[in-house]
There are 2 protein chains.
Amino acid sequence: MMSKALERREKLRIDLIQAAERMIAERGLVGLKTRDLAREIGCANGAVYNLVTDVDELVLRVGSRTLHRLDEALSAAESAGDPSPQETLVRIAIAYCDFAAENLELWRALFEHRMAADKILPDWSVNDQLQLFRHIHHPLALLLPKRGQEQLGITARSLFSAVHGMVALGLEQRLVAVPLPALRKEIAGLVRAMIDGLVAREE
Amino acid sequence: MMSKALERREKLRIDLIQAAERMIAERGLVGLKTRDLAREIGCANGAVYNLVTDVDELVLRVGSRTLHRLDEALSAAESAGDPSPQETLVRIAIAYCDFAAENLELWRALFEHRMAADKILPDWSVNDQLQLFRHIHHPLALLLPKRGQEQLGITARSLFSAVHGMVALGLEQRLVAVPLPALRKEIAGLVRAMIDGLVAREE
DNA sequence: ATATTTATTGAACGATGTTCAATTTTCCTG
DNA sequence: CAGGAAAATTGAACATCGTTCAATAAATAT
């Protein structure tokens with residue numbers, strides 16, 4: 001039942017996604033071109049649309065891979081080192097910063113990509129994204145024991161967003177680019193301050 | 001000396017920028033098309049390039065207007081209400097959030113727009129952007145009297161970036177959209193926590 | 001008025017994402 | 001294994017962009 005053809009298709013699909021990943025990493029989201037992809041994986045331009053319905057889908061598939069790698073990086077930071085919740089949250093924030101710096105274009109693609117407003121993004125893509133807050137949730141629960149799950153989720157999201165903002169503007173070279181070590185130090189300082197403030201207000 | 005022609009040109013240029021502003025506000029940065037602009041201001045497609053060298057320049061000009069309006073909104077928030085530095089900073093953060101919500105596409109265009117890597121952005125555009133941290137700088141100086149100008153500038157930038165991150169991810173409809181009142185409340189809470197934490201660490 | 005300088009035009013160019021009829025390949029059946 | 005059905009692949013064609021530029025029109029200077 002189409003085994004040979006399906007195999008080839010599947011292999012090509014993987015090649016395509018990897019090629020897209022390389023291309024985004026090297027030239028940014030705007031540097032992703034179907035004709036270049038086709039040439040790189042050895043097929044016709046139109047064949048890309050046999051493997052993927054859209055470039056949108058392609059970008060989402062690359063984004064899924066990026067999110068999973070990011071998830072691994074945050075998991076590693078979560079478990080390694082000082083187990084106190086404060087320092088765990090600081091490590092996670094620094095790990096987020098480092099991942100963004102080391103995977104700048106792929107990380108940017110996660111947020112820069114805009115789909116047509118009418119198209120809804122698939123479930124697997126949504127789930128990928130929501131997993132990120134998970135890492136913050138647990139240490140934060142230890143620090144803020146009086147808060148319910150709901151409130152905790154919101155605060156986790158806020159904390160994540162705040163760090164994201166520091167990384168996003170910090171790595172923007174358009175303005176004065178902040179040197180990475182300085183950025184890491186700033187993030188650590190502000191995360192500690194936020195935690196102190198949150199814990200103090202809790203009591 | 002070309003007075004009639006220069007007048008017309010100048011009027012057209014203003015029309016063009018205003019039309020671009022409307023178009024971005026209505027359809028986002030991706031909805032900005034030179035042919036639509038030309039039709040709207042009543043000139044040929046190619047004439048757009050007599051008024052502006054690029055669409056890049058056009059986007060930057062619209063961005064400059066947006067930044068100035070944002071600046072006004074933050075200035076208003078800075079002076080109105082409780083003059084304590086804590087509450088002033090909270091008001092500025094909320095004002096940033098409100099401005100972003102009310103000018104969503106124009107505000108997004110400030111950050112979504114990417115120029116070709118080789119092109120350098122003009123001075124007037126850089127200056128516009130650096131003004132924003134100014135609003136935070138003064139109240140923060142009152143709260144952290146021991147810090148020098150340099151350190152203060154960095155912290156101001158971090159605080160701004162953190163709020164920016166909360167607004168950016170909070171207004172993203174791709175994930176679970178946070179209702180605006182909830183977002184405002186979250187921002188106020190985290191800003192107060194950050195300030196408390198920063199002040200406590202200062203001593 | 002006429003010549004010269006300048007501004008405006010809109011057709012054309014080169015990319016780009018996407019589609020689709022024609023072709024080639026793969027698979028199933030007798 | 002042969003040969004027709006089914007499916008996959010192709011690459012030319014389409015629509016839409018930003019951008020350019022020779023030709024035209026307008027404005028200014030003489």
Side-chain angles (χ1 to χ4, degrees), chain A residues 1-17 19-21 23-24 26-63 109 112-119 121, chain B residues 1-17 19-21 23-24 26-63 109 112-119 121:
Chain A
M1 65 290 270
M2 284 286 109
S3 73
K4 187 98 164 276
L6 274 183
E7 252 178 57
R8 175 180 149 76
R9 236 174 100 102
E10 218 34 57
K11 183 183 172 334
L12 252 194
R13 199 201 307 276
I14 291 169
D15 286 354
L16 176 67
I17 293 169
E21 187 173 81
M23 207 169 281
I24 293 175
E26 285 171 14
R27 321 193 312 210
L29 198 50
V30 296
L32 188 70
K33 310 284 149 135
T34 60
R35 282 169 179 81
D36 292 344
L37 285 170
R39 195 179 316 118
E40 196 146 327
I41 68 175
C43 73
N45 173 32
V48 169
Y49 295 86
N50 301 333
L51 308 171
V52 124
T53 73
D54 251 352
V55 290
D56 277 344
E57 185 194 327
L58 190 51
V59 173
L60 288 180
R61 296 228 111 98
V62 172
E112 281 182 6
H113 178 58
R114 300 247 169 264
M115 295 202 332
D118 51 357
K119 282 205 288 191
L121 83 165
Chain B
M1 64 293 270
M2 284 284 109
S3 74
K4 188 102 165 273
L6 274 184
E7 251 177 58
R8 175 182 148 76
R9 235 173 102 102
E10 218 34 57
K11 183 183 170 337
L12 252 194
R13 199 202 307 277
I14 291 170
D15 286 355
L16 176 68
I17 294 169
E21 187 173 80
M23 207 169 280
I24 293 175
E26 284 171 14
R27 320 191 315 210
L29 200 49
V30 294
L32 188 71
K33 310 287 148 131
T34 59
R35 283 170 178 80
D36 292 344
L37 285 170
R39 195 179 318 117
E40 197 146 327
I41 67 174
C43 72
N45 173 32
V48 169
Y49 296 85
N50 302 333
L51 307 172
V52 124
T53 74
D54 251 351
V55 291
D56 277 344
E57 185 194 327
L58 190 51
V59 173
L60 289 180
R61 296 229 112 96
V62 172
E112 283 181 7
H113 178 58
R114 298 247 170 265
M115 294 203 333
D118 50 358
K119 283 204 287 190
L121 82 167

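We use all heavy atoms of the structure for the numbers below, so side chains are in, but hydrogens, waters and symmetry mates are not. Predicted model, so just to flag it, every value in this text is computed and none were measured. Reminder, nothing fancy here: chain letters follow the sequence lines and each chain counts from 1.
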**Complete:** side-chain contact (heavy atoms from CB on, under 4.5 Å) filter on Leu121(B), not counting sequence neighbours, yields Arg174(A), Leu60(B), Met115(B), Ser125(B), Val126(B), Gln129(B)

**Request:** Please report, rounded to the nearest Å, how far the P atom of dT9(D) is from the CD1 atom of Ile41(A).
**Result:** 10 Å

**Message:** Using whole Å, what does the distance between atom C1' of nucleotide dC17(D) and atom CZ of Arg27(B) come to?
**Reply:** 13 Å

**Request:** Grab the CE-P distance between Met115(B) and dT19(D) for me, whole Å please.
**Result:** 12 Å

**Message:** Using side-chain heavy atoms (C-beta onward) and a distance below 4.5 Å, is Val48(B) in contact with Arg35(B)?
**Reply:** no

**Between C1' of dT26(C) and CG of Leu12(A), the distance in whole Å** = 15 Å

**Under the side chain to side chain donor-acceptor pair (under 3.5 Å) test, residues paired with Lys11(B) that sit two or more places apart** = Asp15(B)

**Complete:** Of Leu32(A), Leu58(A), Leu29(A), the one forming a side-chain contact (heavy atoms from CB on, under 4.5 Å) with Met23(A) is Leu32(A)

**Request:** Look at the side chain of Asn45(A) against the base of dT10(D) and say whether a donor-acceptor pair falls under 3.5 Å; ignore hydrogens and angles.
**Result:** no

**Request:** Quick one: list whatever passes side chain to side chain donor-acceptor pair (under 3.5 Å) with Arg27(B), sequence neighbours left out.
**Result:** Asp36(B)

**Request:** Send over the distance from Arg9(B) CZ to dA26(D) P, rounded to a whole Å.
**Result:** 17 Å

**Request:** Scan residues 50-59 of chain A against DNA chain C and write down, sorted by residue number, each residue with any heavy atom closer than 4.0 Å; if none is found, say none.
**Result:** Asp54(A), Val55(A)

**Request:** Provide the full list of side chain to side chain donor-acceptor pair (under 3.5 Å) pairs with a residue in residues 41-50 of chain A, sequence neighbours left out, each pair given once.
**Result:** Thr34(A)-Asn45(A)

**Atom-to-atom span, CG of Leu16(B) to P of dG18(D) - whole angstrom** = 12 Å

**Request:** Please determine, for the side chain of Tyr49(A), which listed nucleotide (dT9(C), dT19(D), dT19(C)) has the closest atom?
**Result:** dT19(C)

**Asked** Arg13(A) has an atom CZ; how far is it from atom P of dA8(D), in whole Å?
**Response** 11 Å

**Request:** Using the test side-chain contact (heavy atoms from CB on, under 4.5 Å), find all partners of Glu21(B) that sit at least two apart in sequence or belong to another chain.
**Result:** Val62(B), Arg65(B), Leu106(B)

**Request:** Supply the atom-to-atom distance Arg61(B) CZ to Ile14(B) CD1, rounded to the nearest 0.5 angstrom.
**Result:** 11.0 Å

**Proximity to DNA chain D (any heavy atom under 4.0 Å), residues of residues 29-37 of chain A only** = Arg35(A)

**Prompt:** Quick one: are Val30(A) and Arg114(B) in side-chain contact, heavy atoms under 4.5 Å?
**Reply:** no

